[in-house]
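Here's the structure we're looking at; comments come further down.
In listed order, ligands and their atoms are each counted from 1. By convention here, the first residue in the shown sequence is residue 1.
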Amino acid sequence: MRFLITAGPTREAIDPVRYLTNRSSGKMGYCLAEAAVHEGHSVLLVSGPTSLDIPHGVDFLPVESAQEMYDAVKNQAPYADAAILSAAVADYRPVFVPNRKIKKTGERMILELERTGDILGSMRTEFGFSGVLIGFAAETHDVEDYARGKLERKRCDMVVANDVSRRDIGFDSSENEVMLVYPDRTELLEKAPKTQIALRIIEHASRLAQEKGASC
Ligand code: PMT
């Protein structure tokens, strides 16, 4: 089975030397890629900038901005049986990016932002993806409710929800605790190293693929 996995943060340029980003280390997505290879699958890892080593045995496509990740996923989705979008993609980017460093002027400055393309939300509609679709939900409150909303709106088969208000799991931690939100149920994967959580998610993805009748 061929997995397309996204990982890490994106960087949205403000000027040639500054950017907007977030605290994603890429660990969750890289563990997913390793777990899928370990289980005998083929993997394309589309990754924002991280300091991690590229996992052995994966095809690797580095990107920087949300738009680059959008284009990469759009191009590669037709070749995947399952897609797991664990990247922390910027929801907004600066409207105008000057090609010179912005100089200090007044005491305040206003940065105008615009929405980036919704990669997960485009998979079924714009990209015509019919394989197993697994999204992530990074929430600080009402975690399961928001995740279920994403599951339905973005037509996912499953959403992996984590509580990113906690410092011991989620962003830039070696461990995670997640809820696997399905249309008819929710399963808790208790706190464990991301390597173990990733293996469980790949098991669930493989089961979903078998149910859909994808070639394994
Ligand atoms: O990288 P780590 O340090 O290991 O941290 C792991 C993690 C916390 C980043 C990971 O577990 C996680 O929660 N990833 C999703 C982060 C996120 O941006 O969640 P969200 O609720 O904002 O987005 C929901 C889904 O839409 C995600 O699948 C995201 O990849 C996707 N998305 C978001 C914005 C956008 N423009 N396009 C998207 O496809």
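Those atoms of ligand 1 with a heavy atom of A137 less than 4.0 angstrom away are 21 (O). For ligand 1 and T116, the ligand atoms under 4.0 Å from any heavy atom of the residue are 36 (N). The ligand atoms of ligand 1 that sit less than 4.0 angstrom from a heavy atom of G26 are 1 (O), 2 (P), 3 (O). Of all atoms in ligand 1, listed by their number and element, those nearer than 4.0 Å to a heavy atom of G170 are 5 (O), 8 (C). When each atom of ligand 1 is checked for a heavy atom of K27 under 4.0 Å away, the hits are 1 (O), 2 (P), 4 (O). Per-residue contacts place A90 under 4.0 angstrom from the following atoms of ligand 1 (heavy atoms of the residue considered): 36 (N). The ligand atoms of ligand 1 that sit less than 4.0 angstrom from a heavy atom of G117 are 35 (C), 36 (N), 37 (N).
Within the 4.0 Å heavy-atom cutoff, A161 does not count among the residues contacting ligand 1. Not a single heavy atom of A66 sits under 4.0 Å from any atom of ligand 1. Ligand 1 lies out of reach of R115, whose nearest heavy atom is not under 4.0 Å from it. For G8, the heavy-atom gap to ligand 1 stays at 4.0 angstrom or more. Taking 4.0 Å as the cut-off, T6 does not count as a neighbour of ligand 1 on heavy-atom distance.
For the pair I84 and F136, the minimum side-chain heavy-atom distance is below 4.5 Å. Contact check for K154 versus D118: side-chain heavy atoms found under the 4.5 Å cut-off.
Using a 4.0 Å cut-off between heavy atoms, K154 makes no contact with ligand 1 at all. With a 4.0 Å cut-off on non-hydrogen atoms, D91 touches ligand 1 through its side chain and not its backbone. Residue contacts with ligand 1, taken as heavy atom pairs separated by less than 4.0 Å, involve S86 solely via the backbone atoms N, CA, C and O. Both the backbone and the side chain of I119 come within contact range of ligand 1, each with a heavy atom under 4.0 Å.
Checking K194, R166, R200 one by one against E177, the salt bridge (charged side-chain N to carboxylate O under 4.0 Å, His left out) holds for a single residue, R166.
H204 and Y182 have tilted rings, their planes meeting at an angle from 30° to 60° on a 0 to 90° scale.
Heavy atoms of other residues, nucleotides or ligands lying less than 6.0 angstrom from CZ of F60 number more than 12.
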